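Heads up: the structure comes next, in structure tokens.
To find a chain, count down the sequence lines: A is the first, B the second, and so on, and within it residues start at 1. Just so you know, these numbers come straight off a predicted model, no measurement behind them.
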Number of protein chains: 2
Amino acid sequence: MQRLGFEETIAELRANGVRLTPQRQWILRYLKETHSHPTAEQVHHEVSKALGGISLATVYNTLHTLTKMGVIRELSYGDGSSRFDGNETEHAHLVCEQCGIVLDVDSPEVEHILPKDLERTGFKVRSYRLEYYGLCEDCQATPRKTFANN
Amino acid sequence: MQRLGFEETIAELRANGVRLTPQRQWILRYLKETHSHPTAEQVHHEVSKALGGISLATVYNTLHTLTKMGVIRELSYGDGSSRFDGNETEHAHLVCEQCGIVLDVDSPEVEHILPKDLERTGFKVRSYRLEYYGLCEDCQATPRKTFANN
DNA sequence: TTAGGTGCAAACGATTTGCTACATT
DNA sequence: AATGTAGCAAATCGTTTGCACCTAA
């Protein structure tokens, strides 16, 4: 349950013979250093500034490659677009239904319960996804905010 | 935490003055009577047989209407399409990464833990979503099955 | 009667793909 | 040098929308 930083992840990939192009490095760096949960478009926008241009297709391809390698995670929500999380470890999220922000939450109790709970199902669990939907603190204070943040 | 059946749900909607067209009734009936978690297209296919034709747009409209009314639930997965669940109550799912089947799981321990877990976050939780990803029993026995079931 | 639902086809938007040129190893 | 990667534009596909017609209450 230790989240790896950018440098550590790069070292791990290099050790596994993965090709490390500038595009891949910047995408990974951005995801590892932000704690927001950006969409592919947001990644494209940020990384494009650093590289002076990158194809959106490359962003998608790279995000999927990194997801398959297990160094980032992909989460798809009902709003049509996926979000990507530089934290590759299992953890729960808080999703604000008003402003759309996605926050991390440590949930040690849940971590203990879940695996136990599945023993009786015959299902071989590789990962889980736990999300709470509701209102973040800001939106509780400010009803009717627009859906355009984070 | 009591799942409502088709007849009960219909009665509730009628009591609330909701218009009950044949299209709405058949869509609701299908979702309430199956325990699979069909996509919009699967709903369209099944209901179309019963009605002798229905527009896919109507299926989408109706599914969203029923979701907003709280009598069904919508779940979006990474495969691009949403799935709809006639069980409107909170419950966890098992998602097989090989064949794509979505199974229900009762998780009473988790039900108890989750709300408690959130008290300290300042987040106002309205609902949650819990999914386990892995291999179902069939796919553990039969590796490399195609992604075309259920 | 009438508010609201249905159907169709066109529009949309996120994501994927085919293919050529290129850069890391 | 060889294999895998980047870029671009076109294609795909699930989903939404505008509008005319229709129907449950």
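Side-chain N/O atoms of Ser81(A) include none lying less than 4.0 angstrom from OP1 or OP2 on dG13(C).
Checked for salt-bridge contact, Glu88(A) and Lys32(A) meet the test: a charged N lies under 4.0 Å from a carboxylate O.
Between Ile72(B) and Leu63(B), the closest side-chain pair of non-hydrogen atoms falls below 4.5 Å. Between Leu75(B) and His93(B), the closest side-chain pair of non-hydrogen atoms falls below 4.5 Å. Between Thr39(A) and Phe84(A) there is no side-chain heavy-atom pair separated by less than 4.5 Å.
Every residue meeting the side-chain contact (heavy atoms from CB on, under 4.5 Å) condition with Glu46(B), not counting sequence neighbours, appears here in chain and number order: Tyr30(B), Lys49(B). In this view, His44(A) satisfies the side chain to side chain donor-acceptor pair (under 3.5 Å) rule with no residue, not counting sequence neighbours. Legend: residues meeting side-chain contact (heavy atoms from CB on, under 4.5 Å) with Arg73(B), ordered by chain and number and at least two apart, are Asp85(B), Glu90(B), Ser127(B).
Only Thr21(A), Gln23(A), Arg24(A), listed by number, bring a heavy atom of residues 21-32 of chain A to less than 4.0 angstrom from any atom of DNA chain D. Looking at residues 57-73 of chain B, you'll see Ala57(B), Thr58(B), Thr62(B) sit with a heavy atom under 4.0 Å from some atom of DNA chain C.
Residue order along DNA chain D, read from the 5' end via each residue's closest nucleotide, puts Glu41(B) first among Glu41(B) and Val18(B).
With a heavy-atom cut-off of 4.0 Å to chain A, the contacted part of DNA chain D has its first and last nucleotide at dT3(D) to dA9(D).
Side-chain contact of Thr58(B) with Gln23(B): a donor-acceptor pair under 3.5 Å is absent, judged by distance alone.
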Exercise. In sequence, state the C-alpha distance, the side-chain angles, and the governing distance for Glu131(A) and Arg129(A), and then conclude on salt bridge (Lys or Arg N to Asp or Glu O under 4.0 Å).
Key: CA-CA 7 Å; Glu131(A) 279 150 22; Arg129(A) 169 175 175 169; 2.6 Å; yes

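Heavy-atom neighbours of His64(A) NE2 from other residues, nucleotides or ligands within 6.0 Å: above the threshold of 12.
Atom CG in Leu13(B) sits roughly 16 Å away from atom P in dG4(C) (whole-Å rounding). Distance, Arg19(B) CZ to dG5(C) C1': 5 Å, rounded to whole Å. Put simply, CG on Leu20(A) is 10 Å from C1' on dT25(C), counting in whole angstrom units.
The OG1 atom of Thr34(B) sits 12.0 Å away from the CG atom of Asn87(B) when rounded to the nearest 0.5 Å.
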